[in-house]
Each structure stands twice: as structure tokens, then as C-alpha cells.
Amino acid sequence: MKDVSIIIVGFGNIGQGLAKTLLAKKSYLKKHAGTGLRVVAVCEKKGRVVDEKGVDLKKLLEGRLRWGRHKTLDVIRDVAADVVVELTPGDIQTGQPGLSHINAALDSKKHVVTSNKSPIALEYKKLTEKAGAKGLKLLFEASVAGAIPVINTLSRELKANTCSNIYGILNGTTNFILSKMSEEGLDYETALKEAKTLGFAESDPSYDVEGVDSALKLVILANSLLGESISYADVSVEGILDVTPECIELAIKHGYTVKLVADVREKKVSPRLVPIGHPLDVSDNLNAILAQTDLSGEITLVGEGAGPVQTSSAIMTDLIEISNNL
Ligand SMILES: NC(=O)c1ccc[n+]([C@@H]2O[C@H](COP(=O)([O-])OP(=O)(O)OC[C@H]3O[C@@H](n4cnc5c(N)ncnc54)[C@H](OP(=O)(O)O)[C@@H]3O)[C@@H](O)[C@H]2O)c1
């Protein structure tokens with residue numbers, strides 16, 4: 001059985017969700033994936049916990065381990081490990097601090113798995129070239145659409161297909177708001193309030209409702225799956241702030257609903273009329289992605305686009321992929 005050692009960087013929602021999944025799936029992974037995933041260090045802004053025999057994740061989650069003083073970059077460079085799992089929030093202008101973490105991991109010959117969109121959207125080419133030159137993997141399934149395995153499905157399972165376009169709903173917060181507006185007749189502010197109460201929207205939802213989050217994911221899909229070389233500046237971005245209850249009422253009257261759609265070929269994020277019953281007509285905070293392929297035709301993927309446990313599914317898939325190739 002392969003024993004893969006991991007450094008987790010960022011122990012917020014996703015880091016803790018991953019720790020819970022690692023605990024829950026320990027014996028399952030040994031039995032079914034032939035892999036043992038051992039966390040040798042966890043870094044937070046406030047400190048780090050290091051144990052080369054394996055950090056006790058249960059105690060860590062229960063707040064029973066002491067965080068030592070550190071510099072995250074030193075831990076990434078100095079602690080012996082196979083993989084760095086980078087789970088910090090990324091600044092969309094600079095990609096930091098994740099960009100430095102990923103570079104440091106690759107420079108110290110560690111594979112990388114990340115859920116962090118910004119570094120991948122900003123520096124996809126440089127980072128993948130660096131990883132490739134060093135014979136390392138840089139995997140980022142969790143950075144787009146949470147639990148939905150869009151990158152792995154298209155790059156591995158549909159390898160023989162040429163994909164001409166990918167489009168869909170890549171942001172759960174805006175889908176929740178638009179669904180509430182169309183299904184329950186709520187206005188934007190009331191729907192946003194409900195999204196915040198249920199934890200589907202952050203206290204500052206600007207990046208979601210202005211379409212920025214969807215656009216970053218679009219850039220990742222374009223560069224990693226459609227062979228493009230684009231940046232955020234190439235994407236035309238319009239959020240949902242101008243979608244009024246009147247627009248939605250009129251759409252419904254004519255058999256449509258309104259969804260925030262990211263269209264990779266068009267390099268565009270915008271509210272679109274979607275026929276009621278269309279594969280993109282999904283409710284709540286779901287994401288839905290359509291890929292147009294030559295052999296398989298149109299493939300639809302629908303599922304949870306966020307959430308700590310849901311996103312840990314994507315991170316685990318990438319970790320197992322690395323483990324199987326070590
Ligand atoms: N939440 C989701 O459902 C979801 C889904 C898919 C992808 N993602 C992405 O996954 C990443 C993590 O999301 P999240 O929801 O877990 O965010 P979060 O709850 O804010 O957690 C991020 C953690 O990273 C820590 N951190 C920040 N800078 C650091 C540094 N230099 N060294 C070590 N730790 C550092 C933060 O510490 P402080 O709290 O002290 O700042 C925080 O604990 C983000 O890039 C997000 O976009 C999230």
C-alpha cells in the first residue's frame with residue numbers, strides 16, 4: 001500500500017472538511033484505493049502543527065493540539081512530504097498567498113493539489129510548465145464547481161473527445177438567488193439575505209454576484225480543457241445585479257428562467273434566458289455544466305458547487321491520482 005504524506009496549507013472550511021473526510025475514509029481508502037494518506041503538517045495563519053508520523057486530525061479538529069509558531073513557506077519547503085494541499089483564499093489580482101505556496105511546493109519537489117482558483121486562473125501556463133518540467137503533478141479539480149468532477153471527466157474519462165465548448169452555471173450563490181427570485185418571486189435583496197442565512201453567500205458576496213468568481217472558473221476551464229491561453233481580462237463579465245423581478249416575471253411568461261451562465265468559447269459571463277426544463281434549469285445552489293464533445297455529444301454534469309465535504313471529494317480524487325502514480 002502506498003503511504004502518501006501531505007502538508008495541508010489553510011485550515012478553514014475546506015481544510016477542516018478535508019480533515020474530516022480523511023478521518024472518515026481512512027480504512028475505505030486503504031481497502032479500495034490502496035492508499036494511505038498521512039498528514040504530516042497543517043499550516044494556518046496563526047501557526048502550524050507538524051508530526052512526521054501523522055498529525056492527529058481528530059485532536060486538531062477538536063482544538064486539542066497546540067499550534068507552533070512558523071512561516072508557512074518554511075513548512076512547505078522544509079517538512080518532508082509528497083504533496084502540498086493548498087487551501088487558502090487567493091487574492092484575485094495577485095494570486096497570493098497561494099501562488100507563493102504553490103511555487104514553493106513545486107520548487108521543493110512536492111506535488112500540489114489545490115482548491116484555490118486565483119493562482120490557477122492567473123498563472124496556469126507558468127505553473128503547469130514548472131510542474132511538468134519537474135515531473136510533478138499540479139491538480140486543481142476542486143477549484144471549479146466543488147464536487148462536480150468537470151476537469152477530470154473531460155481530461156481523463158473523455159480523453160478521446162474533442163471538446164468544442166463548455167458552458168454552464170459555475171456559481172452556487174447566484175444560482176440560489178436567481179432560483180429564489182424565479183420560483184418564489186423574491187426580490188434580489190430578500191433572496192440574498194436568505195442565501196446568507198443559509199450559508200450559501202459570504203458576508204461580502206460581491207465576487208459572486210458580480211460574476212467575478214464564475215469568470216475565474218471560466219478561465220481555468222478554458223486554459224486547462226480547451227487549450228486556450230486567456231486571462232481574466234479577456235472575459236466579458238456581467239453579474240446578476242441588474243436582474244429585476246420584472247425581468248424574471250417576463251422570462252417565465254415566455255417559458256424561460258434566468259441563469260448566470262459562463263460560456264467558455266464566448267469568454268463571457270452573463271445572465272441568460274434558459275428554457276424551463278433545459279439541463280441548465282437547476283435550482284437552489286446547484287451548479288450545472290454542459291460540455292459539447294464530438295464523440296459523446298453533449299455531456300451534462302450537475303451537482304454541489306461548494307461546501308467543505310463536497311469539495312473534499314474533488315481534493316481526495318486528486319490525492320488518490322497522485323498516490324496511484326507515485
Ligand atoms: N468554501 C467552499 O465551498 C469552496 C469550494 C471550492 C473552492 N474553495 C476555495 O478553497 C479555498 C479555501 O476556502 P475556505 O472556504 O476554506 O476558506 P476559509 O474558510 O477562509 O479558510 C482559508 C484558511 O486559510 C488560512 N490562511 C490564509 N493565509 C494563510 C497563510 N499564508 N498560511 C496558512 N494559512 C493561511 C486562513 O487563515 P485566517 O482565517 O487566519 O485568515 C483560513 O483559515 C479558497 O481559495 C476558496 O475559494 C472554497
Side-chain angles (χ1 to χ4, degrees), residues 6-21 39 41-50 60-61 63 67-79 84-105 112-123 139-151 170-176 195-196 198-208 212-217 219-221 284-287 289 303-318:
I6 299 167
I7 298 173
I8 295 177
V9 179
F11 204 59
N13 288 314
I14 302 298
Q16 292 179 39
L18 175 63
K20 286 175 191 161
T21 299
V39 176
V42 179
C43 289
E44 257 284 7
K45 246 193 210 159
K46 66 179 176 217
R48 54 103 180 102
V49 175
V50 179
L60 187 68
L61 286 164
W67 294 84
R69 295 177 67 175
H70 79 314
K71 284 203 178 89
T72 299
L73 286 173
D74 291 344
V75 175
I76 293 172
R77 288 190 196 109
D78 299 342
V79 174
V84 170
V85 183
E86 213 292 330
L87 308 173
T88 67
D91 180 293
I92 65 158
Q93 312 292 342
T94 64
Q96 297 297 354
L99 187 56
S100 296
H101 297 160
I102 294 172
N103 272 309
V112 174
V113 172
T114 187
S115 63
N116 190 346
K117 293 173 285 292
S118 306
I120 304 300
L122 288 173
E123 297 280 351
L139 302 179
F140 43 87
E141 178 65 73
S143 66
V144 180
I148 304 177
V150 55
I151 294 168
L170 301 179
N171 183 274
T173 306
T174 47
N175 200 46
F176 181 87
K196 284 185 181 174
L198 293 171
F200 295 144
E202 293 178 23
S203 51
D204 178 2
S206 316
Y207 283 160
D208 293 322
V212 177
D213 176 79
S214 297
L216 289 171
K217 291 168 179 167
V219 170
I220 295 175
L221 294 179
D284 294 324
N285 62 333
L286 288 175
N287 284 196
I289 301 167
E304 301 274 354
V309 172
Q310 295 87 335
T311 305
S312 78
S313 163
I315 297 168
M316 295 293 280
T317 304
D318 285 349

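Counting starts at 1 for both ligands and their atoms, following the listed order. Starting from 1, each residue takes its place in the sequence as its number.
- If you look at Ala142 next to ligand 1, the close heavy atoms, those under 4.0 Å, all belong to the backbone.
- Every atom of ligand 1 is numbered from 1 in the order shown, and the set under 4.0 Å from a heavy atom of His101 is 30 (C), 31 (N), 32 (N).
- The option from Lys45, Gln16, Glu44 that lies nearest to atom 36 (C) of ligand 1, judged by heavy atoms, is Glu44.
- With hydrogens and angles disregarded, a donor-acceptor distance shorter than 3.5 Å links the side chain of Asn175 to the backbone of Asp284.
- With respect to atom 21 (O) of ligand 1, the closest heavy atom belonging to the protein is Gly12 CA, 3.2 Å.
- With atom 14 (P) of ligand 1 as the reference point, the heavy atom nearest to it among Asn116, Val75, Val42, Ile14 is part of Ile14.
- Listed by chain and residue number, nothing satisfies the salt bridge (charged side-chain N to carboxylate O under 4.0 Å, His left out) test with Glu304 (two or more places apart in sequence, or in another chain).
- Given atom 19 (O) of ligand 1, the protein heavy atom at minimum distance is Asn13 N, 3.0 Å.
- Checked by atom type, the side-chain pair Ser100/Asn103 shows no donor-acceptor distance below 3.5 Å.
- A donor-acceptor pair is defined here as one N or O able to donate and one able to accept, closer than 3.5 Å; no such pair exists between the side chain of Asn171 and the backbone of Asp213.
- Here the protein heavy atom with the shortest distance to atom 26 (N) of ligand 1 is Thr88 CG2, 3.8 Å.
- Close approach to Gly307 involves these atoms of ligand 1, each under 4.0 Å from a residue heavy atom: 2 (C), 3 (O).
- A donor-acceptor distance shorter than 3.5 angstrom exists from the side chain of Glu141 to the backbone of Val150, with no hydrogens or angles considered.
- Distance check for atom 17 (O) of ligand 1: every protein heavy atom is found at 4.0 Å or beyond.
- The distance from ligand 1 to the heavy atoms of Lys117 drops below 4.0 Å at these ligand atoms: 47 (O).
- For the residue pair Glu86 / Thr88, a side-chain donor-acceptor distance below 3.5 Å is found, with atom types taken as modelled.
- Nearest protein heavy-atom neighbour of atom 32 (N) of ligand 1: Thr72 OG1, 2.9 Å.
- For ligand 1, the atoms closer than 4.0 angstrom to any heavy atom of Ala306 are 3 (O).
- Closest to atom 8 (N) of ligand 1 by heavy atom, among Ser115, Ala314, Pro89, is Ser115.
- Looking at Leu87 against ligand 1, only its backbone comes within 4.0 Å, counting heavy atoms.
- For the residue pair Thr114 and Asn116, no side-chain donor N or O sits within less than 3.5 Å of a side-chain acceptor on the partner.
- Lys217 places no side-chain N or O within donor-acceptor distance of the main-chain N or O of Ala145, the cut-off being under 3.5 Å.
- For the pair His70 (side chain) and Glu44 (backbone), a donor-acceptor distance under 3.5 Å is present.
- The residue Gln310 has no part lying near ligand 1, judged by heavy-atom distances below 4.0 Å.
- The single protein non-hydrogen atom nearest to atom 5 (C) of ligand 1 is Thr311 OG1, 3.3 Å, given as residue, atom name and distance.
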